Each structure stands twice: as C-alpha cells, then as structure tokens.
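Below is one structure; the comments refer to it alone.
Letters A, B, ... mirror the listed sequences (proteins, then strands); counts begin at 1. Computed from a prediction, not measured in an experiment: that's the story for all the values here.
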2 protein chains.
Amino acid sequence: MPSHLTDNRPALRPEMGESLGMQGSRKVVNITRLRQACRSCSLVELCLPMGLTSDDIQQLESIVQVKTPLEKGAHLFREGDSFQAIFAVRTGALKTYSLDADGREHVLGFHLPGELLGFDAIYPRYNRCSAMTLADASVCVLPFNQLADLAQKVAGLQATILRLMSKNLSISVNLATDHTAEERLAGFLLSIAQRTGEGTELRLVMPRRDIASYLRLATETVSRLLARFQQEGLLEVHRKRVRLIDLDGLRELGGSFEIVDRTRQRTGYQ
Amino acid sequence: MPSHLTDNRPALRPEMGESLGMQGSRKVVNITRLRQACRSCSLVELCLPMGLTSDDIQQLESIVQVKTPLEKGAHLFREGDSFQAIFAVRTGALKTYSLDADGREHVLGFHLPGELLGFDAIYPRYNRCSAMTLADASVCVLPFNQLADLAQKVAGLQATILRLMSKNLSISVNLATDHTAEERLAGFLLSIAQRTGEGTELRLVMPRRDIASYLRLATETVSRLLARFQQEGLLEVHRKRVRLIDLDGLRELGGSFEIVDRTRQRTGYQ
DNA sequence: TATTCGTATTGACATGGATCAAGTTCAGGG
DNA sequence: CCCTGAACTTGATCCATGTCAATACGAATA
C-alpha cells in the first residue's frame, strides 16, 4: 500500500463544487492571494511568460496565485478532482501518477521548477491523474478560466499555451514509442540534466521506483542498468547522485528517446 | 525498405519557404481554394466546429481549405517539413509515423474522419512525423496562423482547440502507460469501434503491421491475439473484417487502455 | 554509536512477446 | 481464371526484462 495514501480522502470521481480544485484538501490549500511577481521570479524565462511583453506579464501576474508551500509527499490534486487550474512549479518537484484497476501506481511524468502541469485535464474537465510532491515544493496556481480569458486578449499568451501543450504532446508521443530499457534510461538522464540545468552533476529527486514506473521498467532493471552504465564508464552513480561522464556515449544510447528542448538555453552542457 | 518511400523526396530537416506546408509535394498539393461549407459537412459535430455558434462557424469556414483528394499511400506531410497547418480528415484514414535511426517505422497514430492532426508540430515548428493515407482520403487544411488569429477573436474556437489538444495529450499519455499485449489490442479495437461509429462490425483500414507498430507489438503477436480472442468467443475476425461479439469481455480486458470519448455520442454500441 | 526501516542493489529464475522461418490466403492484374 | 506478390497466419525458439528472494546500505532517530 503506497505511503501517500495514508490520509483519508475517498473519491476518484469528478466532484463539482470544489473551488479552485483544492478546497478539498485541508492545510495544504490556503492560497495566499498575494500577487506573484512573475517578473522577479527566477523562472521567468522558463514558464508561461516566455516571449511575452512586460505589459502582458503584468496582466498574467494579476491572475497568478501562489500556494502555501507543500511538504514532501503532499498532493497538489488527485485523480477525479474537478479541473480548475493549471499549475507551475516554482521550487521542488512533483510527479503525476494514476492508479490502475489493481491499485498499482503508474508514474506519468515528473514536473520540475519552471514547468507546468495540468493540461491533460482540460478536456475531460477532471484530473486523470494525481500530483504529489517529491520534495518540499512551492507552486503557482493559474485558474484555468481566467487564464483562457486572458489568452483571449493576449495573443502571445495563447501562442505560448499552444506551444507548451504541443510540447507536452511531443513528449508523451515519444514516451509511447518503443525503446529498449537502455535507451529509455539514458534518455531520461539526459532530459533531467537538461531540464534541471544541473549540467553533469545530477541529483535525482525521485526514487528508483518512480523512475522505473515512469520508464515502464522494473526497479531492479533501473538499478542494474545504472550499475552497468557505471561499469562502462558512462557515468558515476551513488544513490541519488549521478555524475554524467560520457555525454556522447549517453546521447548515442538515449538520443532517440530524449526530447530536446529548443526553447531553453541554460548554462548546462550543450 | 518501406514501400511509401518510393517517391524521391529527400529532406528530414525543417525547411523554410514552403507555403502551407505542402507546396513541396507536387500533384498532391494544389489546394482548391473553394470555401468548405463546414455547416453542410457531415462531420460538423465531430471536428472543430463542435460547440461553436453558426456565426463562429462561418468565420471558420473562411479559412478552411480543401485539398484535392489524396490517393492511398500518398503523404500529407513529412517528418521535417516546416509546420504550417492543422489538418482535419474528411474521408478515408491516415497514419502518422516516424522513422528511427535504423530506418524502422513507428506508427504514432491513426486519424479517422472527423479527427484532426498536426498539433504536435506547433511547438517545434516542424513536423516530427510523416502522415500517410491508408486509403483514398480527403482532408481539410487549417492554416495555423490564421486559425490562431481566429481563435484570438472567437473564444469558443480557442476553447475547442485547447480541449482537443488536451484530449490528444490524454491519449498519448495513456498509450505510454504499460499494458499487456492483450489489453492494448482489446482497447484498440474498442477505440476504433467508438471512433468510426461502426458499432460491432469493424473494417480495419490499417494493415496488421501498422496496428502492431502502433501498439508496440510484433505483427505476429497481433495475429495470434486476434486468433485467441476469436477462440475465446470475444470476436470473429477475417482479415480486415472484425465483428465484436463479447463487448463486456473486451472491455474487461482493454478497459484500462481505451480512452473513452465523452464528447461524442454516436449511434454505435454504448 | 547502535537501531531501524525504507530504499537500493544483486542474484537466480521465469516468461511474455520478439524473432526467425515456413506456410497460407487473398486481391488485383494479366 | 490463373498467377503473383503482398498480407496474414502459424510454429519453434530465444532473449530482454520482469518477478521473487536475499542482502546491503544509509539517513533519521534515539
């Protein structure tokens, strides 16, 4: 029985009457109504504001809310909650997952600072998955109706949203393609390196079990592959710490799996 | 060597200067500039116009173009083409696929009448996959810039586009989840039944090879599973003809894989 | 510093589905 | 109506990865 199920929330069905999709979960919820100064946020070039004018950003700021920080293991939303908002990760990290008929967890994605989540819930109007923090985290809330209204006025915002959703689509499509365990893991490590901007010194926030679940592998396979990569001189690994050594070698393995993000130029490896 | 590579187009890189993303491919291209009467199209409730006012649809019609019919095996676009338009299938069917480093084809999706394709190319600005017809087909062209501009004015259109992209996202995410061969195939058959509205009498336009590729299975596995499903009384199959017999049984197998489309109520099975 | 418990590693074995290799059927063209 | 090649089916075998079972490690706690 997964430890994140310790609190006693029932429900896996769409529920109306939740405001902002989070009144249901106590303590975690209270939204500081303080406006978030996107312009002063260090992630400004990573999340939605990318490509917007200063004026556009000001309008965006007026609808963005900041949640009180979430502790590790807390839920941002749960499968079946009615859809109300898109979320942007400021600090920490989250995973999204769903439970299958047998109660087994399937990790659908990891969400790192500067990334948005929740787009897959627009269509069915309720969340198809749960989102849980992998570490203490803070998150911006973008109420969807307001966001959509604003996108109606601000062309750059609409364009950005479409671009982001399209990108998410590419990532999922890619993940659905068949690749060997080796390719998946190598590609995963490269994508984490790129997304975190940690260069070659990674700290994997997520446990092996979650990496395995995300890559549709067994935990043991991930462990064994990391050991093998190390043996082959591709990297050094010790628990959550990974040092990528042979980037070209890794790219050769995982290149076809990795989604290269052409919109971000961070100072990590090229 | 795949047979669809018989014509001599090179290029797998983004190419600027193609207008509407199809001037590059001869004969296939000429766009009839005739306006397409969406309102009189039998698919009106399936593709974009869904939920739009008559007035909105009229505006949409003004940007929609109809391509000259495509023969079976023709390409609508190719991997690497610069992104210019979203496409809506009127008749026939298409598959999207990409080629991996070894030149092997991976089917990413099937696109049936009333469905749109091309959303995954918005972000990278060039097509990440090729689209080929599985049968003679006709297609509507929605030039993306014009579509985006229109969505800026027509709130219902923006909402529809977001909803559709979100749905595509759900489908891809689901496909990426790990399921047994059995679950995938059963779910696939149910989804085809639903999407075509053929009820229980399906005609599979796509060859086994493509089904297998899409579901990340070997052709032989698909063949064997169909034989087994038949033996178990779940269905009857003869080449492209499939008659679903035990829907509940199939749902039990494939239910967790199938994406249920809540926006379409066609007159097939419930 | 010892204790503990979740997380990670490592080994032995099982198996679903891939691959290889014949057949078989069918649709389309002469 | 037969021929031909592609699409499909069926059988035999193999292998990548999953599963089961210990064991080891390490961070948190006392």
Could you tell me how far apart [X] ([atom1]) and [N] ([atom2]) are, to the nearest whole angstrom?
{"X": "A:L204", "N": "C:dA8", "atom1": "CG", "atom2": "C1'", "value": "13 Å"}
{"X": "A:R208", "N": "C:dT10", "atom1": "CZ", "atom2": "P", "value": "11 Å"}
{"X": "A:H179", "N": "D:dT17", "atom1": "NE2", "atom2": "C1'", "value": "17 Å"}
{"X": "B:D210", "N": "D:dA6", "atom1": "CG", "atom2": "C1'", "value": "14 Å"}
{"X": "A:R241", "N": "D:dG26", "atom1": "CZ", "atom2": "P", "value": "14 Å"}
{"X": "A:H106", "N": "D:dG18", "atom1": "NE2", "atom2": "P", "value": "13 Å"}
{"X": "A:L185", "N": "D:dT17", "atom1": "CG", "atom2": "P", "value": "11 Å"}
{"X": "B:R209", "N": "C:dT19", "atom1": "CZ", "atom2": "P", "value": "15 Å"}

Subject >> N/O donor-acceptor pair under 3.5 Å between A:R184 side chain and A:L215 backbone >> reply: yes
Original post:
If only atom types and distance count, is the side chain of B:S172 paired as donor or acceptor with the main-chain N or O of A:S172 below 3.5 Å?
Top reply: no
Original post:
Do B:F77 and B:F87 have their ring centres less than 6.0 Å from each other?
Top reply: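 Judged by ring-centre distance (under 6.0 Å), B:F77 and B:F87 do meet the cut-off.
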**OP:** Can you check each nucleotide of nucleotides 22-30 of chain C against protein heavy atoms at under 4.0 Å and return B for base, S for sugar-phosphate only, - for none, in 5' to 3' order?
**Re:** ---BS----
**OP:** Let me have a per-nucleotide readout for nucleotides 11-16 of chain D, 5' to 3', with B, S or -, counting only protein heavy atoms under 4.0 Å.
**Re:** BB----
Subject >> OP1 or OP2 of C:dG17 under 4.0 Å from side-chain N/O of B:T221 >> reply: no
Original post:
B:K240 side chain N/O closer than 4.0 Å to the phosphate oxygens (OP1, OP2) of D:dC8?
Top reply: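 Answer is yes, contact under 4.0 Å.
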Report which part of the nucleic acid [X] touches: base, sugar-phosphate, or nothing (heavy-atom distance under 4.0 Å, all strands).
{"X": "B:L226", "result": "nothing"}
{"X": "A:R184", "result": "nothing"}
{"X": "A:R216", "result": "sugar-phosphate"}

Original post:
Considering only D:dT19, D:dC8, D:dT17, which nucleotide approaches the side chain of A:A218 most closely?
Top reply: D:dT19
Original post:
For the atom pair CD (B:Q230) and CG (B:L225), what is the distance rounded to the nearest 0.5 Å?
Top reply: 13.0 Å
Judged by modelled atom types alone, do [X] and [Y] share a side-chain donor-acceptor pair under 3.5 Å?
{"X": "A:S130", "Y": "A:H75", "value": "no"}
{"X": "B:T200", "Y": "B:R243", "value": "no"}
{"X": "B:R208", "Y": "B:T219", "value": "no"}

Original post:
So with a 6.0 Å cut-off around NZ of B:K240, is the heavy-atom count from everything else above 12?
Top reply: yes
Original post:
When you look at B:I211 and B:L185, which way does the side chain to side chain contact (heavy atoms under 4.5 Å, CB included) test go after all the steps?
Top reply: CA-CA 9 Å; B:I211 297 176; B:L185 185 58; 4.2 Å; yes
